[in-house]
Number of protein chains: 2
Amino acid sequence: MELLKDYIRKYGNVPNDNVLKVDAFLNHQIDAKLMMELAKDFKEHFKDKKITKIMTIETSGIAPCVFLGYLLDVPVVFMKKNSSAILDENFYHTTVHSFTKNIDYDLILSKKYINEDDHVIFIDDFMANGEACLGALRIIEEAKANVSGIGIVIEKSFQNGRKLVEEKGFDIYSQARIKSLKQGTITFVEE
Amino acid sequence: MELLKDYIRKYGNVPNDNVLKVDAFLNHQIDAKLMMELAKDFKEHFKDKKITKIMTIETSGIAPCVFLGYLLDVPVVFMKKNSSAILDENFYHTTVHSFTKNIDYDLILSKKYINEDDHVIFIDDFMANGEACLGALRIIEEAKANVSGIGIVIEKSFQNGRKLVEEKGFDIYSQARIKSLKQGTITFVEE
């Protein structure tokens with residue numbers, strides 16, 4: 001998506017070869033007009049899919065998701081990252097390892113907000129090693145819901161996430177795919 | 001706001017005399033159409049104010065804020081709740097006590113995303129004892145930015161928050177004001 005790539009080139013910050021910071025428009029400050037454009041692009045990409053629910057993980061996936069939920073008129077649900085989890089029989093939960101922060105956290109979802117009739121688009125702001133996405137997929141599968149699609153705003157294609165998720169049989173649509181961040185230079189995968 | 005009150009009456013859950021759970025449309029599952037209506041109502045209420053930025057605290061304030069940012073075409077910034085904070089000179093931070101969870105957390109905001117020329121509307125999903133709002137106000141004041149308004153989706157008016165914030169000289173606009181949750185019955189403040 002060219003508009004997103006323009007934002008990344010203009011506002012992205014590369015502190016080292018592995019990290020792209022987009023605090024200026026997605027992860028701390030949010031450009032709401034851009035979020036609407038991301039949502040329109042997801043809507044167009046997934047237009048042939050049956051969709052009853054948009055799911056994401058708190059926090060930064062919420063902004064594009066609520067615009068997509070608005071455009072499609074379906075509920076948005078964010079899975080919670082929890083360290084003081086109330087893990088009872090009312091919640092699905094799974095443990096996710098964050099390589100970025102080198103911590104484990106519980107991902108939780110109330111059983112009220114997913115069921116086997118759901119057709120879910122899972123959206124996240126970043127994909128790196130795929131741990132968060134794989135965790136979300138475990139929960140969606142445990143709930144016997146259907147995965148209609150996976151949408152990622154920014155994929156770090158030099159890390160393992162896409163490969164691991166594709167090996168599970170899922171397709172991924174990423175709006176921007178980063179080939180390399182070496183020496184502070186942002187290079188995109190040629191599409 | 002009558003639409004919001006209708007949602008609270010229909011979908012709100014009162015596990016005890018102090019807690020109102022609105023996981024069905026705001027804090028876990030999000031009704032995006034409702035979020036747009038909340039944003040339109042905030043826009044109308046603050047129409048005479050100068051606004052350069054919308055601020056909130058992660059997580060549940062983000063959804064109404066991004067629609068308001070979209071309608072007003074100004075940036076949205078969410079302050080982060082951090083336990084592993086990188087507290088260097090690039091961030092404002094303050095400690096907030098959560099009575100709900102009985103924990104302290106750091107609220108942080110990058111100095112990049114606020115300055116003394118900003119006119120800020122601060123929005124949050126809930127106001128109870130006002131600790132989060134007061135923490136956000138401390139940061140906005142430390143940055144020498146101007147507070148153009150405070151918007152709250154649901155105010156628990158039987159708790160101290162409004163009083164404490166008003167004592168600091170700020171006005172609060174709450175879209176729904178809860179007078180009481182006693183015996184599982186939701187009563188609103190008469191307006």
Side-chain angles (χ1 to χ4, degrees), chain A residues 11 13 15 21 23-39 53-84 86 90-91 98 100-103 105 108-114 118, chain B residues 11 13 15 21 23-39 53-84 86 90-91 98 100-103 105 108-114 118:
Chain A
Y11 302 112
N13 177 23
K21 290 186 79 76
D23 278 2
F25 61 85
L26 182 57
N27 295 128
H28 191 7
Q29 182 166 257
I30 300 172
D31 185 311
K33 296 274 180 190
L34 175 66
M35 297 301 114
M36 177 61 102
E37 295 307 312
L38 300 182
K53 211 154 268 178
I54 317 292
M55 292 213 169
T56 186
I57 297 173
E58 62 178 343
T59 301
S60 294
I62 292 173
C65 280
V66 292
F67 286 105
L68 185 57
Y70 181 78
L71 294 174
L72 297 176
D73 200 11
V74 299
V76 174
V77 179
F78 63 92
M79 298 187 193
K80 299 189 183 192
K81 291 176 185 171
N82 215 315
S83 45
S84 60
I86 314 149
N90 299 313
F91 292 88
S98 165
T100 316
K101 297 182 178 175
N102 196 29
I103 54 163
Y105 61 87
I108 72 167
L109 173 63
S110 167
K111 292 183 180 178
K112 279 188 211 166
Y113 303 122
I114 189 166
D118 272 323
Chain B
Y11 303 113
N13 178 23
K21 291 186 77 80
D23 279 2
F25 60 85
L26 181 58
N27 294 128
H28 192 7
Q29 182 167 257
I30 300 171
D31 185 311
K33 296 273 182 190
L34 175 66
M35 296 301 113
M36 177 60 102
E37 294 307 312
L38 300 183
K53 210 155 269 179
I54 316 292
M55 293 214 169
T56 187
I57 298 173
E58 62 179 343
T59 302
S60 293
I62 293 173
C65 280
V66 292
F67 286 105
L68 185 57
Y70 181 79
L71 293 174
L72 297 176
D73 200 11
V74 298
V76 174
V77 178
F78 62 92
M79 299 187 194
K80 300 189 183 191
K81 290 175 186 171
N82 215 316
S83 46
S84 62
I86 313 148
N90 300 312
F91 292 88
S98 166
T100 316
K101 297 182 178 173
N102 195 29
I103 54 162
Y105 61 86
I108 70 168
L109 173 62
S110 167
K111 292 184 179 178
K112 278 189 211 166
Y113 304 122
I114 188 166
D118 272 323

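Just the heavy atoms: all of them, side chains too, but no hydrogens, waters or symmetry mates, feed the values below. Numbers restart at 1 for each chain; the letters A, B, ... are given by sequence-line order, proteins then strands.
- Between A/F78 and B/T59, the closest heavy-atom pair is CE1-CG2, 3.9 Å.
- Counting only heavy atoms from C-beta outward, the side chains of B/K112 and B/N90 never approach each other to under 4.5 Å.
- Among the candidates A/I30, A/V77, A/L109, the residue making the largest number of heavy-atom pairs closer than 4.5 Å to chain B is A/I30.
- The most heavy-atom pairs under 4.5 Å with chain A, out of B/I103, B/V66, B/V74, come from B/V66.
- Among A/E58, A/H28, A/K33, the residue with the largest count of heavy-atom pairs under 4.5 Å with chain B is A/H28.
- Using a 4.5 Å cut-off between heavy atoms, A/L68 does not touch chain B at all.
- If you measure heavy-atom distances from A/I114 to chain B, you find no contacts under 4.5 Å at all.
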*Can you list the steps and then say if A/Q29 with A/D23 is a side chain to side chain contact (heavy atoms under 4.5 Å, CB included)?*
CA-CA 6 Å; A/Q29 182 166 257; A/D23 278 2; over 6 Å; no
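- Among B/I54, B/N27, B/I62, the residue with the largest count of heavy-atom pairs under 4.5 Å with chain A is B/N27.
- Between the NZ atom in B/K53 and the OH atom in B/Y113 there is a gap of 9.0 Å [rounded to 0.5 Å].
- Both tests do not hold together for B/K111 against B/F91: distance to the six-membered ring centre under 6.0 Å, angle to the ring axis within 45°.
- Taking chain A as the reference chain and counting heavy-atom pairs below 4.5 Å, the highest number among B/K80, B/M79, B/M35, B/M55 is found for B/K80.
- Between B/F67 and A/F67, the angle of the ring planes lies from 30° to 60°, which puts this pair in the tilted group.
- Annotation: maximal heavy-atom pairing with chain A below 4.5 Å, among B/D73, B/D31, B/L72, B/V76, occurs at B/V76.
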